[in-house]
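Values below: every heavy atom of this structure, side chains too, minus hydrogens, waters and symmetry copies.
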Amino acid sequence: DAGVTQSPTHLIKTRGQHVTLRCSPISGHKSVSWYQQVLGQGPQFIFQYYEKEERGRGNFPDRFSARQFPNYSSELNVNALLLGDSALYLCASSRRVGGEKLFFGSGTQLSVL
Amino acid sequence: KQEVTQIPAALSVPEGENLVLNCSFTDSAIYNLQWFRQDPGKGLTSLLLIQSSQREQTSGRLNASLDKSSGRSTLYIAASQPGDSATYLCAVTETSGSRLTFGEGTQLTVNP
């Protein structure tokens with residue numbers, strides 16, 4: 001079975017632009033979470049979706065938004081990019097919510113110039 | 001607010017040595033604790049998951065323990081190998097949901 005897949009793997013944007021990151025969960029997994037990892041730090045929670053509904057949101061500005069589709073894939077959108085948004089964006093999937101083991105994708109490396 | 005701390009931040013050992021990585025968390029009301037491995041620029045691989053009711057979990061050369069009351073966990077790696085070189089991250093899931101709170105990781109280098 002395929003693992004969690006994320007696209008693109010690398011992305012370069014300039015300040016003020018918009019970006020969309022995509023994630024496909026493991027087959028049978030209905031929950032998708034997004035994390036931001038700045039170089040040298042641990043990942044920070046951004047969003048969790050389950051059955052297309054938002055189940056949790058971290059301490060990120062409204063420039064960050066996400067959604068989950070009927071096939072359980074997900075998109076993370078970031079508007080008005082700032083230099084500080086440069087990071088590795090990780091997607092994780094699980095069967096359900098509530099302390100399930102998470103499986104992570106390889107991430108999207110976003111560079112904002 | 002839950003805070004997770006990992007000590008040491010970096011560790012360099014010769015091949016074959018047994019080693020211990022430490023993780024502490026401030027709020028003991030956790031659902032479970034996970035240890036992850038991360039290679040440079042890559043995603044996270046789950047190594048061990050310990051439920052709050054458990055004391056330890058083992059997988060091959062890895063053993064993780066959990067002392068929930070004191071807010072501590074350790075990851076023990078036996079007979080380390082150069083292929084173990086990576087960053088090891090500890091994360092807790094709080095009882096309110098599935099979000100993970102991560103430490104900043106321990107960067108391990110095993111020298112041949």
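In this pair, B/Phe36 and B/Phe102 present their aromatic rings tilted. The plane angle is within the 30 to 60° band.
No side-chain N or O of B/Gln57 forms a donor-acceptor pair with one of B/Asn63 less than 3.5 Å apart.
Using a 4.5 Å cut-off between heavy atoms, A/Gln44 makes no contact with chain B at all. Looking at B/Leu49, the atoms closer than 4.5 Å to chain A (heavy atoms on both sides) all sit in the side chain, from C-beta outward. Contact of A/Tyr35 with chain B is made through the side chain alone, with heavy-atom distances under 4.5 Å. For B/Gln38, the part lying under 4.5 angstrom from a heavy atom of chain A is the side chain only. With a threshold of 4.5 angstrom between heavy atoms, A/Leu39 does not approach chain B through any atom at all. Only the side chain of B/Leu89 comes within contact range of chain A, judged by heavy atoms closer than 4.5 Å.
The shortest non-hydrogen separation linking B/Thr109 to B/Asn111 is CG2-OD1, 3.6 Å. Listed here is the closest heavy atom pair of A/Arg67 and A/Ser74: O-OG, 2.9 Å.
For the options B/Asn32, B/Thr45, B/Leu100, heavy-atom pairs under 4.5 Å to chain A are most numerous at B/Leu100. Contact tally against chain B (heavy-atom pairs below 4.5 Å) for A/Ser106, A/Pro43, A/Ser94: the top residue is A/Pro43. Counting heavy-atom pairs closer than 4.5 Å to chain B, the top residue among A/Gly56, A/Gly58, A/Gly42 is A/Gly42.
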Problem set entry | side-chain contact (heavy atoms from CB on, under 4.5 Å) assessment of A/Val97 paired with A/Gln48 | CA-CA 9 Å; A/Val97 296; A/Gln48 183 185 43; 3.6 Å; yes
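Taking the centre of each ring, A/Tyr72 and A/His29 stay at or above the 6.0 Å mark.
Remark: A/Arg63 engages A/Asp85 in a salt bridge, criterion side-chain N to carboxylate O under 4.0 Å.
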